[in-house]
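Down below is the structure, laid out as structure tokens.
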Amino acid sequence: MKKGELLYQGKAKSVYRSDTPGVLIVVFRDDITAFNGEKKDVLEGKGVYNARVSAFFFNYLEKNGIQTHYLGMEDDRTMAVRELKMIPLEVIARNIAAGSIVKKFPFTEGQPLSPPVIVTDYKNDAAGDPSINDDLIIALGFLTPDELAFVREQTLRINLLLSEFFAELGIDLVDFKIEFGRTDNGIYLGDEISMDSMRLWDQETGESLDKDVYRFGKGDVMSAYARVVERITDEMRGGNA
Ligand code: 5GP
């Protein structure tokens with residue numbers, strides 16, 4: 001498939017038109033950023049890790065009945081995806097309190113959240129991705145009430161599937177962010193599912209195996225990402241996924 005016009009350059013991914021109508025090409029770059037782009041670096045091979053993990057999870061979720069934009073890999077950092085009209089929301093599922101909710105609300109870091117908590121941010125860098133509630137989402141026309149219920153239900157199901165998978169690897173899925181988009185056929189999971197957009201804690205050591213390693217200078221982020229990729233690969237070899 002041929003890469004055409006650059007449509008969108010995000011902080012870590014570039015999206016191109018392809019020579020097939022309705023299909024876009026996503027390139028996972030080696031850029032890593034934090035704090036709304038204030039901290040940034042290039043880490044060789046990081047894009048390949050994130051592309052591989054995202055492809056794995058899109059496949060896994062599809063097998064379990066979740067519609068995703070994933071169509072296939074073009075090379076080790078390049079993904080063919082269904083073209084979606086993206087909904088400008090970051091949907092965040094949380095199983096354990098960490099990150100921004102500990103700063104904003106009286107939770108303690110590491111406090112289990114059962115049932116899981118879903119929050120939504122309006123995807124807008126200039127405004128610092130502010131929190132948004134259901135009434136605002138509907139008033140702004142981002143989702144209808146039925147679509148909102150569908151997104152919530154899909155997010156809870158994705159959370160269950162991913163949490164169970166990571167538990168098998170000895171990893172707690174603390175939280176993650178996903179994004180959805182639409183075609184005429186309905187709402188699909190888009191964007192990525194990678195160590196950039198999840199919090200993963202090793203169940204034995206409590207170590208972070210995700211972008212927090214980079215955000216807070218907790219060690220070598222590439223070896224943390226590699227450990228996740230290795231454990232997923234081992235699990236795949238074992239035939240459990
Ligand atoms: P928090 O709200 O605590 O900063 O983030 C919650 C979860 O969503 C974390 O796993 C974090 O990595 C993810 N997340 C939140 N905002 C973004 C974002 O703008 N980009 C990415 N890649 N992940 C995000």
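Counting starts at 1 for both ligands and their atoms, in listed order.
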So, [X] versus [Y]: side-chain donor-acceptor pair below 3.5 Å or not?
| X | Y | result |
| --- | --- | --- |
| N159 | N95 | yes |
| K218 | S208 | yes |
| S100 | R94 | yes |

Aromatic ring proximity F57/F166, centre distance under 6.0 Å: yes
Proximity of F56 and F165 rings by center, below 6.0 Å: yes
Which residue holds the protein heavy atom closest to [atom], what is that atom called, and what is the gap in Å?
| atom | value |
| --- | --- |
| atom 5 (O) of ligand 1 | R199 NH1, 3.6 Å |
| atom 1 (P) of ligand 1 | S100 OG, 3.3 Å |
| atom 24 (C) of ligand 1 | K177 CE, 3.7 Å |

Ligand 1-proximal atoms of E90, by part, heavy-atom distance under 4.0 Å: side chain
Residue part near ligand 1, for I101, under 4.0 Å between non-hydrogen atoms: neither
Main-chain N/O of E204 paired to D202 side chain as donor or acceptor, under 3.5 Å: yes
Gap separating the OG atom of S194 from the CG atom of L200, nearest 0.5 angstrom: 9.5 Å
Numbering as shown, the atoms of ligand 1 that approach D196 to under 4.0 Å (heavy-atom distance): 12 (O), 21 (C), 22 (N), 23 (N)
Numbered atoms of ligand 1 (with element) below 4.0 Å of G99, judged on heavy atoms: 3 (O)
Within-cut-off N or O pair, K211 and ligand 1, under 3.5 Å: no
Options L200, D175, D129, V119, ranked by nearest heavy atom to atom 9 (C) of ligand 1, top entry: D175
Whether R215 lies under 4.0 Å from ligand 1, heavy atom: yes
Test item, R94 contacting ligand 1 (heavy atom, 4.0 angstrom): yes
Single hit among D191, D196, D210 for salt bridge (charged side-chain N to carboxylate O under 4.0 Å, His left out) with K177: D191
